[in-house]
Protein chains: 2
Amino acid sequence: MAYTIGKLAKAAGVTLETIRYYQRKGLIEEPVKPLQGYRHYSEQTVQRLHFIKRAQQLGFTLKEINELLFLDSGHCDDVRQLAEQKLQQIEAQINSLTALHGALQDMVSGCGRAKADNRCSVIDALSQNGEK
Amino acid sequence: MAYTIGKLAKAAGVTLETIRYYQRKGLIEEPVKPLQGYRHYSEQTVQRLHFIKRAQQLGFTLKEINELLFLDSGHCDDVRQLAEQKLQQIEAQINSLTALHGALQDMVSGCGRAKADNRCSVIDALSQNGEK
DNA sequence: GTAAACTCTGGTCTATAGAACAGAGTCAAG
DNA sequence: CTTGACTCTGTTCTATAGACCAGAGTTTAC
């Protein structure tokens, strides 16, 4: 079954612009335009868009997704390596966010207490030595 | 003690461009340029740059930092509210990253096993139903 | 067969956080 | 007093992931 770009967009849950952008970036190939009429997209392309969206939800950038698509089948090791790398990035990200969360929470919890000098402990904590 | 922009940059550990960018964005004020010569920056500005950098490390965007600076002293409640909002964002972010981590890990751990059809389980998992 | 809906091309625009550059002016050291 | 280092202004550029728009062509529905 063939899709025009609008149908494709609807089927994949993206906008026309997204599709065109992906074409420009080489994430999906642009079908040749028939001399007369509009381009046709295949079911395959719907699947590929789903693939891209899922990978994106998993935190892959388009660039990384492009690599995945390029490696694709047959190079399982490479794909796994990419995934493992991403896994480490995510761990690091979680760690720093957790630290950040703790720091911010400390600040906020210091904030409620009445202070003689009428200053904000959050601001103070950020300033650390004397900003304003 | 007065700084020229280069000294200021060095003292604060940022580049000239960053300082000028912050000036454009109103995060630090641009000292009036003397008719003759270069601009002078105060120690205060060094502190403010440190403030900005710390806040940035804590995950605030420049826009949010600008709000913080604007609210600044006297409006502790507002500042705290902003911080609490950020706190929630961070929690949400950690949660989704954790979910992501689990999903990716499942994929990767399925990957080592030899597969009859020679396909990559990471790709398969992302494809979900039939991409390639 | 005409109007509405869709697609095409190509260009500009958004946000974020700066980086880089050109050409002119200024300051500091020898 | 000249050379090298620094600063100034203004503009353009980077990356990421698209959004939007105009004007022309095409298709579909009534």
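Keep in mind the model is a prediction, meaning the values are calculated, not measured. Reminder, nothing fancy here: chain letters follow the sequence lines and each chain counts from 1. Quick note: numbers below take in every heavy atom, side chains included, and nothing from hydrogens, waters or symmetry partners.
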By a strict heavy-atom criterion of less than 4.0 Å, which residues belonging to residues 4-32 of chain A are in contact with DNA chain C?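 Correct list: A:T4, A:I5, A:G6, A:R20.
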Contact string for nucleotides 22-29 of chain D, one letter per nucleotide 5' to 3', B = base within protein heavy-atom range under 4.0 Å, S = sugar-phosphate only, - = neither, reads ---BBS--
Checklist entry - Of all residues at least two apart in sequence or in a different chain, which pass the side chain to side chain contact (heavy atoms under 4.5 Å, CB included) check with B:Q105? => result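 For B:Q105 the side chain to side chain contact (heavy atoms under 4.5 Å, CB included) partners, ignoring immediate neighbours, are A:L87, B:H101.
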> Base, sugar-phosphate, or nothing for A:E64, non-hydrogen atoms under 4.0 angstrom?
Replying inline: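 No contact at all - A:E64 keeps every heavy atom at 4.0 Å or more from the nucleic acid.
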Item to check | Residue pair B:I94 / B:L97, side-chain heavy-atom distance below 4.5 Å | outcome: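 Answer no - side chains too far apart.
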Problem set entry | Minimum side-chain heavy-atom gap A:L8-A:L16 below 4.5 Å |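 No, every pair of side-chain atoms sits at 4.5 Å or beyond.
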ask   = Nucleotide range of DNA chain C contacted by chain A, 5' to 3', under 4.0 Å to a heavy atom?
value =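 The footprint of chain A covers C:dC6 to C:dT9.
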Q | All pairs passing salt bridge (Lys or Arg N to Asp or Glu O under 4.0 Å) where residues 89-105 of chain B contributes a residue, at least two apart | A |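 Residue pairs with at least one partner in residues 89-105 of chain B: there are none.
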- Query: Could you give the CD1-to-P distance, from A:I65 to D:dA17, as a whole number of Å?
  - Reply: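 Result: 8 Å.
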N/O donor to acceptor pairs below 3.5 angstrom from side-chain atoms of residues 20-35 of chain A, sequence neighbours left out:
{"residue": "A:Q23", "atom": "OE1", "partner": "A:Y41", "partner atom": "OH", "Å": "2.6"}
{"residue": "A:E30", "atom": "OE2", "partner": "A:R39", "partner atom": "NE", "Å": "3.4"}
{"residue": "A:E30", "atom": "OE2", "partner": "A:R39", "partner atom": "NH2", "Å": "3.1"}

Notebook entry, point to check: Which pairs count as side-chain hydrogen bond (donor to acceptor under 3.5 Å, both in side chains) when at least one residue sits in residues 1-14 of chain B, sequence neighbours excluded?
Noted result: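 Every side-chain hydrogen bond (donor to acceptor under 3.5 Å, both in side chains) pair that includes a residue of residues 1-14 of chain B, provided the two are not neighbours, is B:Y3-B:E43.
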Restricting to side-chain hydrogen bond (donor to acceptor under 3.5 Å, both in side chains), what partner residues turn up for A:T98, sequence neighbours left out?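 With sequence neighbours excluded, A:T98 shows a side-chain hydrogen bond (donor to acceptor under 3.5 Å, both in side chains) to no residue whatsoever.
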Which residues pass the side-chain hydrogen bond (donor to acceptor under 3.5 Å, both in side chains) test with A:Q89, not counting sequence neighbours?
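side-chain hydrogen bond (donor to acceptor under 3.5 Å, both in side chains) list for A:Q89, sorted by chain: A:K86.
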- prompt: Hey, is the main chain of A:T61 close enough, under 3.5 Å, to the side chain of A:E64 for a donor-acceptor pair?
  reply: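 Indeed, once roles are kept as given, a pair shorter than 3.5 Å links the two residues.
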Can you name the closest pair of heavy atoms from A:T15 and A:A9 and give their distance?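 Distance-wise, the nearest heavy atoms are C-CB, 4.0 Å.
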